[in-house]
Amino acid sequence: MSQPINILLVEDMPQDARLVQEALAAQQDIPLEVNLTQAQDLREALTYLPGTIHVVLLDLSLPDSRGIETLRKVRTHAPGTSIVVLTAADDTALGVQAVQAGAQDYLVKGYVQVYPNLLGRAIRHALERARADEQIRQAHAQTQRLLASLPSILIGVDPQGVVTHWNAGAEVMFGVPASAALQHPLSESGVQWDIGKILAQLDTLHGEGPVRLEDVSFRRPDGQEAFLGITIVPVKAKEDQHAELLLFGADITKQKLAESERRRLQDELAQAQRLETIGQFAGGIAHDFNNFLQVILGFAWLIRAKRQDDRQLMGDLQEIVHAAESASGMVKQLLAFSRRQAIQPKLFEINEALQAMGRLLQQFVGQAITLRLDLAPEPLPVKLDLAGLEQIVMNLCSNARDSMRQGGTLTIRTARLLLDDTMLKQHPGAELGEYVRLSIADTGSGMDPTVVSRVFEPFFTTKQLGRGTGLGLAVVYGLVKQHSGWIELATALNQGTTFHLYFPLQPDTVATADSATTVPDSGLASPNGVGPTAKRRILIVDDDSAVRLLCERILQDRYDTTAVSSGVAALELMGRSAYALLLTDIKMPDMDGFELIDRAAKVRPGIKVLAMSGFLTNEMEQRLRAAPLGCQVVRKPFSAAVLQAMVSRCF
């Protein structure tokens, strides 16, 4: 301290005052200048305080005040000033009481005269203690400011569960002021939170390490539900006492929602990958399976054409054909699920298409179920494969019917929807723009979460054995994805089910539902009256010997046929002889149909090409149309009449 020390002596006895003055003049422990001011009673002393006084030498026996109360009044009036109490008797108890009441030190007046340096030492110690106390107060104030500025909550709880600290973060987060929470049990703090989860830890945690509580639910002041992450830290106490506890907490609602969204996206990705794997498998077996069906159906048709007189044989053949055609339908559904089935989208108004399907759908679901069409009043043009849309609606209505065996209501609803950022995040493959939402809702039994997680998997069904193949919703999934759409499912046990299907809204409509039903010729048209032709030469290429034999049997009466098992053998023959038509399978080992057609165009530029396949995607169909020979396409399994008609159309 570089400036002079200002001392206030509060003493009403002249001789005692003189002793103090002499002691101050003689002391050597205070090297700086001392300014001494005297007051003879408490009233006068208080006029100097707090002012610039550094130290008060206070007699506790004054004309207008006596005892410890005198000290308390001075301390209250000048809380930051150092006080040294002067006592007439060597009363240790009084001295201790004075220090406890706020004095920095105490002196016996008689000792001041006997020990000249005692007064100076007491003043110096009092100043040092006052400086240390001030530093502690500043540090405490700084700590309080830091705690108050924390965005997280900080709550102190004593061993009895009473709140001892409630920072500004807690006030803001919970909307409860500190005055309403302090000195009240934590359970009565006024916060709407999962207090049981917290108290369970408070009752067992005393003096041990920190404990982390995740996902403590609470309500914000605006009523929204949110979540806290809380760490409970015990504060060291005496060994025979329970520890006080500090609760540090932060709002983790955003992190929890982000984690929930991450898990949802992971689940969706896993589901998509699982379905994609199944789809690849389905597409992979479609070609071979259709070859088997082609042989079964083809030879059955040939036998039926020649043995019409044998009624029993005709009945047996009809059963074979019926079973094979059913299997063929199942393959088509598998291809629809795997999005490998060629579609022919047309532009039409979806409300008109659904309205046209209304009567058929009511007959399909039965009179016990009420069908409601709640269609948007505005036109909703879409570009879809109409047959695919009908398949989607029929499959969903079939599921709805099965879930309402005691009757109920089936509602088909359409709406126009603008895709926002939230939905874009939920459906990464979607694009910004307007969509048509087609909703099919029933009041049936609903589904539990276990079923929902597998509902689009092929062959998964909750129906009894023989009541369904489990392909219906898998087909819906594949067709919707194939049309650049997506599906949302809302369901719960005994609360019905709603499927929301989203398709891109087209900017304008140029066709009605009636005109949209006219699908372009797919290459499966029936014979068109073309008469017998000359014996043109046809080269048949297929790696399946049974299919080669079937094609020869169908065509040999009208054409000169040659059959080989590979593209290499076919090119060798075309290099030696002229053929009018190349009838080739697409999927073959070593050299597939695409390569064969490209090379055939160089060997025999004028040759006609008819491609056959049991597995044909849109991309494959476009590639065939772009081939140099401009080939036609026939899909397996085909009948004898269809193959004959397609061959005739090539000439």
Distance-only, no hydrogens or angles: does the R219 side chain make a donor-acceptor pair with backbone N or O of F174 under 3.5 Å?
no
Can you tell me if NZ on K383 sees more than 12 non-hydrogen neighbours from other groups inside 6.0 Å?
no
Contact between V480 and V476 at the side-chain level, heavy atoms closer than 4.5 Å - yes or no?
yes
Could you check if a side-chain atom of L86 sits within less than 4.5 angstrom of a side-chain atom of L58, using non-hydrogen atoms only?
no
Among T37, N35, T81, find the one that has a side-chain hydrogen bond (donor to acceptor under 3.5 Å, both in side chains) with N6.
N35
Examine distances only and state if a side-chain atom of S439 and a backbone atom of H500 form a donor-acceptor pair shorter than 3.5 Å.
no
Between D158 and T164, is there a side-chain donor-acceptor contact under 3.5 Å, judged purely by atom types and distance?
no
Counting C-beta onward and ignoring hydrogens, is there a side-chain heavy-atom pair between L247 and L186 closer than 4.5 Å?
yes
Can we say K256 and E259 salt-bridge, meaning some charged N sits less than 4.0 Å from an Asp/Glu carboxylate O?
no
Could you check if a side-chain atom of D251 sits within less than 4.5 angstrom of a side-chain atom of F218, using non-hydrogen atoms only?
yes
Counting distance only, does the side-chain N/O of S65 pair as donor-acceptor with the main-chain N or O of L62 below 3.5 Å?
no
Greater than 12 external heavy atoms within 6.0 Å of Q406's CD
no
Can you check whether A376's main-chain N or O pairs, donor with acceptor, with N351's side chain at less than 3.5 Å?
yes
Can you find a heavy atom in the side chain of Y435 that is under 4.5 Å from one in the side chain of W486?
yes
